[in-house]
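The next block holds one structure in the form of structure tokens; read it before the comments.
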Amino acid sequence: MRKSGVATLAVLVTATAVAATSIGSAGTTRTALQSKKCAFTLRIGDVLPFTGGLAAYGANLDRAVKVGVALQNAALKQDGLAKKIQVRLVGSEDGQTQASASVEAATKLVKSNHANVIIGEMASSATIPMAQSVTIPNHIVQISPTSSAPQISDINDNGYLWRTYPSDTLQGKVLAQAVIDAFGKGATINVGARNDAFGTALKQLFVTGFEKLGGKIGVNISWNPDQPNFDSEMGQLASGNPKGWVIIDFPETFQKYVAALVRTGKWDASKTFMTEALRNTTVLDAIGNPVVGLRGTAASAAGGPAGASFAAYWKQHVRGAKPYTGFEGTALDAANVAFLAALQACSSSPAKIKANLISASGPPGVKVTYVQLAKAIKLVRSGKRIDYEGAFSPVDFDAKGDIGSAVFEIWKYASAGKIDTLKTVTFRG
């Protein structure tokens, strides 16, 4: 993948701004925004899973997009540009965590709502067909907040597909090492995954990495997440005498078959590793005691320079949402980097936005966060470079549309409402 160089939610905007610092030379370049003639409307739409396998997260990520749009318009008003430049959320569509619904939703946003930027989907198995069927051929910028399938990096997208979440190329390494650390070299592990772009790729990455580290694979199985019954697959997954298990799936599907796992009498949650989709106290609390002790890996907002700030902001200002998960920052960052790229281009043209995403999201430049958008606007107007520092990561897009660094955690479901971080692993560059 090669990259080129409806109403606004009323959100209380904090007056406290994090002090900005710069690294190296911020640089000065004349931009279109310096012109008095600069005027445009940025039309953002999102396709997120309000239903389906990742429904536990979709509504909160949609709220994060709305927070971002509200902060952007407030900053434009503060800088006296509200009559010339506006940002509109033109639609929030349900991608249902699956391909056909996401393609239909994206088509609506492009054809009927005239979106310039689409944020979504969360699932790789929905993001990829959305891109290939809708956003790439229609030359619309698409930024997925959480899709992690490695193949996204190499899609022939002409620079229109991006993501604010790390590739599972990294998570496969973290997961393999975590399982070796837990059970030792030579341990036999049974592994099972959903049969889709996310599950298939991450399972293979885990198996390859685990075997290289000296681990052994017993049962290796995949399942259709939409099948009506999982008893046979769960019987196979629990069979033999493994030291532990790795299960790669989404909450909705896991909830369907966890009882079948328990009924085998062999499966033990405390000897099981999962991934980020199950790092959710609401989901795990609903299952209860059978999953206490479950561990897993997940990309973490601990790598976001504004992560702690946004978590506090969310808890103070966002009402009526589900409990904060930490993944909301990915959607906020997607909305903000699209906005800042449009500002640099002084245009809502997707072609011009994509050409500015790398420079708006990384060094060199004056660092700015979500609470410093008014400052970012002033810097761009004066011809200065900016470097957006995100709530989930520093962003720092590379030429393939991937973020430049990531922090992963090893987590454990300790008890009702409580997930502990056991360890963190940082990747840079």
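Side chains included, hydrogens not; waters and symmetry mates left out as well; all remaining heavy atoms used.
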Handout entry: Sequence neighbours excluded - ring-ring contact (aromatic ring centres under 6.0 Å, His included) pairs with any residue from residues 273-299
Key = none
Practice task
Taking ring pair (Phe, Tyr, Trp, His ring centres under 6.0 Å) as the test, write out the residues that go with Tyr413, two or more places apart.
Solution key: none
Exercise for the section: Could I get the full list of side chain to side chain contact (heavy atoms under 4.5 Å, CB included) partners for Ser167, not counting sequence neighbours? Expected result: Pro150, Arg163, Thr169
Going by atom types only, do [X] and [Y] share a side-chain donor-acceptor pair under 3.5 Å?
X	Y	answer
Gln86	Thr41	yes
Thr208	Gln204	yes
Glu409	Ser300	no
Ser359	Gln344	yes
Gln98	Ser100	yes
Asn138	Tyr160	no

Exercise for the section: To the nearest 0.5 Å, tell me how far Lys352 NZ sits from Asn116 CG. Expected result: 12.5 Å
Problem - Step-by-step side chain to side chain contact (heavy atoms under 4.5 Å, CB included) determination, Ile287 to Phe254 - result: CA-CA 10 Å; Ile287 300 171; Phe254 182 65; 3.8 Å; yes
Handout entry: Verdict with reasoning, Thr330 to Leu61, per side chain to side chain contact (heavy atoms under 4.5 Å, CB included)
Key = CA-CA 8 Å; Thr330 62; Leu61 266 67; 3.9 Å; yes
Are any side-chain N or O atoms of [X] and backbone N or O atoms of [Y], one a donor and one an acceptor, separated by less than 3.5 Å?
X	Y	answer
Ser124	Phe198	no
Lys354	Asn158	yes
Arg279	Met274	no

Fill in the blank from the handout: On a heavy-atom basis, the closest approach of Asn60 and Trp314 is O-CH2, 3.3 Å
Problem - Lys/Arg-Asp/Glu bridge criterion (N-O < 4.0 Å) met for Arg194, Asp249 - result: yes
